[in-house]
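The basis for the numbers below is simple: all heavy atoms, side chains too, and nothing from hydrogens, waters or symmetry mates.
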Amino acid sequence: QVQLVESGGGLVQAGGSLRLSCSASGYIFSNLVMGWFRQAPGKEREFVVAISRSGSTTSYADSVKGRFTISRDNAKNTVYLQMNSLKPEETAVYYCAASKARALTSYTTSSSNYDYWGQGTQVTVSS
């Protein structure tokens, strides 16, 4: 059973930065596609970004391109999300997710593509 534990959330002012981490256990990490989703109060969970098993391929939501960067360290079983120029509307619970898919596909942006989820970490961006 894969366990995912997020960390790094918190309170930041608009325009600021945060770095989220997600540590995985219980599976061969390099065999997992990893993604980040977020869910704001009263809204549906939305795709943010995903990274392939090797880290060579990424997929970003248009809303975060150029500001967010995903990376992974397979030796440390950890995926990271560097978030810059944060906006108040990006206040949400951020979830780490893992998929046994072999590669990023057109389904990568769908939450149903992911097999395991972390408990989430709160990110609050003040205006």
Gap between atom [atom2] of [Y] and atom [atom1] of [X] - 0.5 Å precision:
X	Y	atom1	atom2	value
S23	L4	OG	CG	9.0 Å
D73	S30	CG	OG	11.5 Å
R72	S54	CZ	OG	7.5 Å

* Asked: Charged N to carboxylate O under 4.0 angstrom, R67 versus E90?
  ->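 Here R67 pairs with E90 in a salt bridge, since their nearest N and O are under 4.0 Å apart.
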Non-hydrogen side-chain atoms of [X] and [Y] separated by less than 4.5 Å:
X	Y	answer
S17	L86	no
R53	N74	no
Q13	S126	yes
V123	L18	yes

Does [X] share a hydrophobic cluster with [Y], counting links as ILVMFWY side-chain heavy atoms below 4.5 Å and allowing steps through other members?
X	Y	value
V93	L81	no
M34	Y60	yes
V33	F29	no
L104	V64	no

* Asked: side-chain contact (heavy atoms from CB on, under 4.5 Å) between Y116 and Q1: does it pass, once the steps are laid out?
  -> CA-CA 9 Å; Y116 305 100; Q1 184 76 0; 4.0 Å; yes
* Please check if the side chain of S52 supplies one atom and the backbone of T57 the other of a donor-acceptor pair under 3.5 Å. =>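 Looks like yes, one N/O pair under 3.5 Å.
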* To do: For C96 and V79, run side-chain contact (heavy atoms from CB on, under 4.5 Å): C-alpha distance rounded to whole Å, both residues' side-chain angles, the deciding distance at 0.1 Å, then the answer.
  => CA-CA 9 Å; C96 174; V79 62; 4.0 Å; yes
Heavy atoms only: give me the nearest [X]-[Y] pair and the separation to one decimal.
X	Y	answer
T109	S59	CG2-OG, 4.5 Å
T91	A40	O-CB, 3.5 Å
S21	T78	CB-CG2, 4.3 Å
Q122	A92	NE2-O, 3.4 Å
T108	A50	CG2-CB, 3.3 Å

* Would you please name every residue forming a ring pair (Phe, Tyr, Trp, His ring centres under 6.0 Å) with F37, sequence neighbours left out? => F47, Y114, W117
* **Residues V49, F68; criterion side-chain contact (heavy atoms from CB on, under 4.5 Å); working and verdict** => CA-CA 8 Å; V49 61; F68 289 16; 5.8 Å; no
* State which residue, out of N31, N113, D115, fulfils the side chain to side chain contact (heavy atoms under 4.5 Å, CB included) condition with K100. => D115
* Within 45 degrees of the axis of the six-membered ring of Y80 and under 6.0 Å from its centre: does R19 put its NZ or CZ there? -> yes
* To do: Give a yes/no verdict on a cation-pi contact between R45 and Y95, requiring under 6.0 Å between NZ or CZ and the six-membered ring centre and an angle within 45° of the axis.
  =>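 Positive - R45 is close enough to the ring of Y95 and near enough to its axis.
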* Asked: What do you reckon, is CD1 of I28 surrounded by more than 12 foreign heavy atoms closer than 6.0 Å?
  ->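 No - once you tally the heavy atoms of other residues, nucleotides and ligands closer than 6.0 Å, there are 12 at most.
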* What do you reckon, is CD of E46 surrounded by more than 12 foreign heavy atoms closer than 6.0 Å? -> yes
* **Derivation and outcome, side-chain contact (heavy atoms from CB on, under 4.5 Å), residues E6 and L20** => CA-CA 7 Å; E6 302 101 331; L20 305 183; over 6 Å; no
